[in-house]
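First the structure, in the form of structure tokens, and then the observations on it.
Residues: numbered from 1 along the sequence shown.
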Amino acid sequence: MIDVKRLGHAVIETPDLPRQIEHFHELLGLVLVGEERERAFLATPAGQLAVVLERGAISRTTKIAFEVSPGTSVAKMQGFLSGMGVQSDARTDALPGVTTSIAFSDVKGTDIELFADWDFLPDIEPVAESINPLKLGHIAFVVLDPKKTETFYRDVLGFRTSDWIGDNFVFMRCTPDHHTVNFVQGDGPARMHHIAFELRDRTHLFDSCDRLGAADREILWGPLRHGPGHNIATYHHTPDEQVIELYVEMDRIYDEEACYFEPRPWHEDVPQRPKSWARETANMWGLAPSPDWKR
């Protein structure tokens, strides 16, 4: 299988490119590292490309990119995908830090790009008076069939399953982090449920709440501590009503053979292992979603 190592970036279309740039850059604190007439490139303060904004007729996430093992050849990836019945194309689109990738569609119809070689972006200056996340942490999608999507991401991309909520919400990882992608069952075409950025610690999360409040951005849900992943999180809308999660204290598995999450005082199980959660116990504490939370 292909050995995915990290979530790279997401491509998000928007009918109002300037407003989305303002939100991701000036409020969230992603660094604007390139701008064209129809798209903009934003990176974390650490110098990793995280979000590409493109002008489009509707607001939607059209593509996600993942890093694979260093030195993995395009030919090797395409050969494996062909054997799995997946058509792919080599790309040489010039993106900040990434020059070569392969592209294909996953089982839910989202465009996926894989890249092996990339560079940190130079001369990154943190955005003053903004949230300044550490990294792009995970992306969640609404899909018709979470089990089918889980199978594709496991067998084709090498993801491991961390937890389920019932039989309709799966969390999957490609790093020690509890989840890099998650898929919840819902009607209609596949669409992004939320995109999530990791912050440093609880103080950073609480400071982000103040910054959201000062910008008149309602916190739709949280602060709360989830059960699966045990992360403390808040959720808010972008101007296009896409949902952004900000979180800290995500569970991690450092030993895949032992397969338990690094112990924490708030864990219910000792050791805490991947499992299926009941919906009524899927959140440990926190505020209920606001009436505007509609996913």
Which atom of Pro263 lies closest to which atom of Tyr260, heavy atoms considered = CD-CE1, 4.2 Å

Using a cut-off of 6.0 Å, state whether more than 12 heavy atoms not belonging to Glu125 lie near its atom CD.
-> no

Apply side chain to side chain contact (heavy atoms under 4.5 Å, CB included) to the pair Tyr153 and Val170, showing each step before the final yes or no.
-> CA-CA 11 Å; Tyr153 273 73; Val170 62; over 6 Å; no

Does the side chain of Arg200 reach to within under 4.5 Å of the side chain of Leu134, using non-hydrogen atoms?
-> yes

Would you say the ring centroid of Phe261 lies under 6.0 angstrom from that of His267?
-> no

Taking C-beta and beyond as the side chain, do Leu205 and Thr234 meet within less than 4.5 Å on heavy atoms?
-> yes

Can you tell me if CD on Glu38 sees more than 12 non-hydrogen neighbours from other groups inside 6.0 Å?
-> yes

Reference residue Val74; test side chain to side chain contact (heavy atoms under 4.5 Å, CB included); the match among Ile102, Leu114, Asp89, Thr92 | Ile102

Heavy atoms of Ala90 and Gln78 approach each other most closely as N-NE2, 3.7 Å

Note, Asn231 side chain near Asp251 side chain (heavy atom, < 4.5 Å) | no

Passing option when Glu13 is tested against Lys63, Arg60, Arg55, Arg191 for salt bridge (Lys or Arg N to Asp or Glu O under 4.0 Å) = Arg60

Smallest heavy-atom separation, Pro45 atom then Pro133 atom, equals CD-O, 3.2 Å

Under a 4.5 Å side-chain heavy-atom rule over Ile, Leu, Val, Met, Phe, Trp and Tyr, are Phe120 and Ile124 clustered together?
-> yes

Validation row: Ser208, Leu199 side chains within 4.5 angstrom (heavy atoms) | yes

Would Tyr247 and His138 count as a close aromatic pair, with their ring centres under 6.0 Å?
-> yes

Do Arg154 and Thr161 pass the side chain to side chain contact (heavy atoms under 4.5 Å, CB included) test, and can you show the C-alpha distance, the side-chain angles, and the key distance before you say yes or no?
-> CA-CA 8 Å; Arg154 181 191 66 221; Thr161 299; 5.5 Å; no

Using the salt bridge (Lys or Arg N to Asp or Glu O under 4.0 Å) rule, take Asp269 and Arg273 through it: C-alpha gap first, then chi angles, then the decisive distance, then the call.
-> CA-CA 8 Å; Asp269 304 331; Arg273 299 186 186 276; over 6 Å; no

Lys/Arg cation over aromatic Phe183: Lys108, 6.0 Å, 45° cone | no

Can you find a pair of side-chain heavy atoms, one from Thr61 and one from Val11, that are under 4.5 Å apart?
-> no

Would you confirm whether the ring centroid of His226 sits within less than 6.0 angstrom of the ring centroid of Trp221?
-> yes

Heavy-atom neighbours of Lys148 NZ exceed 12 at 6.0 Å = no

The single option from Gln272, Lys275, His178, Arg173 that satisfies side chain to side chain donor-acceptor pair (under 3.5 Å) with Asp163 is His178

Crowded around Glu256 CD? As in, over 12 foreign heavy atoms under 6.0 Å?
-> yes

Do the side chain of Thr151 and the main chain of Lys147 share a donor and acceptor less than 3.5 angstrom apart?
-> yes

Tell me whether the centres of the aromatic rings in His230 and Trp277 are closer together than 6.0 Å.
-> yes

Does Asp111 offer a backbone N or O that forms a donor-acceptor pair with the side chain of Asp106 under 3.5 Å?
-> no

Could you tell me whether the side chain of Asn283 and the main chain of Trp285 form a donor-acceptor pair under 3.5 Å?
-> no

Can you check whether Ala140's main-chain N or O pairs, donor with acceptor, with His193's side chain at less than 3.5 Å?
-> no

Flag if over 12 foreign heavy atoms under 6.0 Å of CZ, Phe104 | yes

Polar side-chain atom of Ser105 near backbone of Gly109 as donor-acceptor pair, under 3.5 Å = no

Heavy-atom side-chain contact between Glu67 and Phe115 under 4.5 Å = yes

Charged N to carboxylate O below 4.0 Å: is that the case for Glu198 and Lys135?
-> yes

Here the pair of heavy atoms bringing Pro15 nearest to Asp240 is CD-OD2, 3.6 Å

Glu35/Ile21 under side chain to side chain contact (heavy atoms under 4.5 Å, CB included): CA gap, chis, key distance, verdict | CA-CA 10 Å; Glu35 190 171 3; Ile21 292 173; 3.6 Å; yes

Do the charged groups of Arg39 and Glu36 touch, with an N to O distance under 4.0 Å?
-> yes

Residues, nucleotides or ligands: over 12 heavy atoms within 6.0 Å of Asp255 CG | yes

Glu249 meets the side chain to side chain donor-acceptor pair (under 3.5 Å) criterion, sequence neighbours left out, with Arg202, Arg225

Do His23 and His237 make the cut of ring centroids closer than 6.0 angstrom?
-> no

Should Trp293 and Tyr235 be marked as a ring pair (Phe, Tyr, Trp, His ring centres under 6.0 Å) after you check the CA-CA gap, both sets of side-chain angles, and the distance that decides it?
-> CA-CA 9 Å; Trp293 174 263; Tyr235 297 81; 5.1 Å; yes

Does the Thr72 side chain pair with the main chain of Val68, one donor and one acceptor, at a distance under 3.5 Å?
-> no

For Leu32 and Ala40, the nearest pair of non-hydrogen atoms, with its separation, is CD1-CB, 3.9 Å

Show your working on side chain to side chain contact (heavy atoms under 4.5 Å, CB included) between Leu53 and Leu17 and close with a plain yes or no.
-> CA-CA 7 Å; Leu53 296 174; Leu17 188 57; 3.6 Å; yes

His204 side-chain N/O to Ile131 backbone N/O, donor-acceptor pair under 3.5 Å = yes

Any sub-3.5 Å donor-acceptor pair from Gln20's side-chain atoms to Asp16's backbone N or O?
-> no

Just wondering, do Cys174 and Leu157 contact through their side chains at under 4.5 Å, heavy atoms?
-> no

Does any non-hydrogen side-chain atom of Val4 lie less than 4.5 Å from one of Phe159?
-> yes

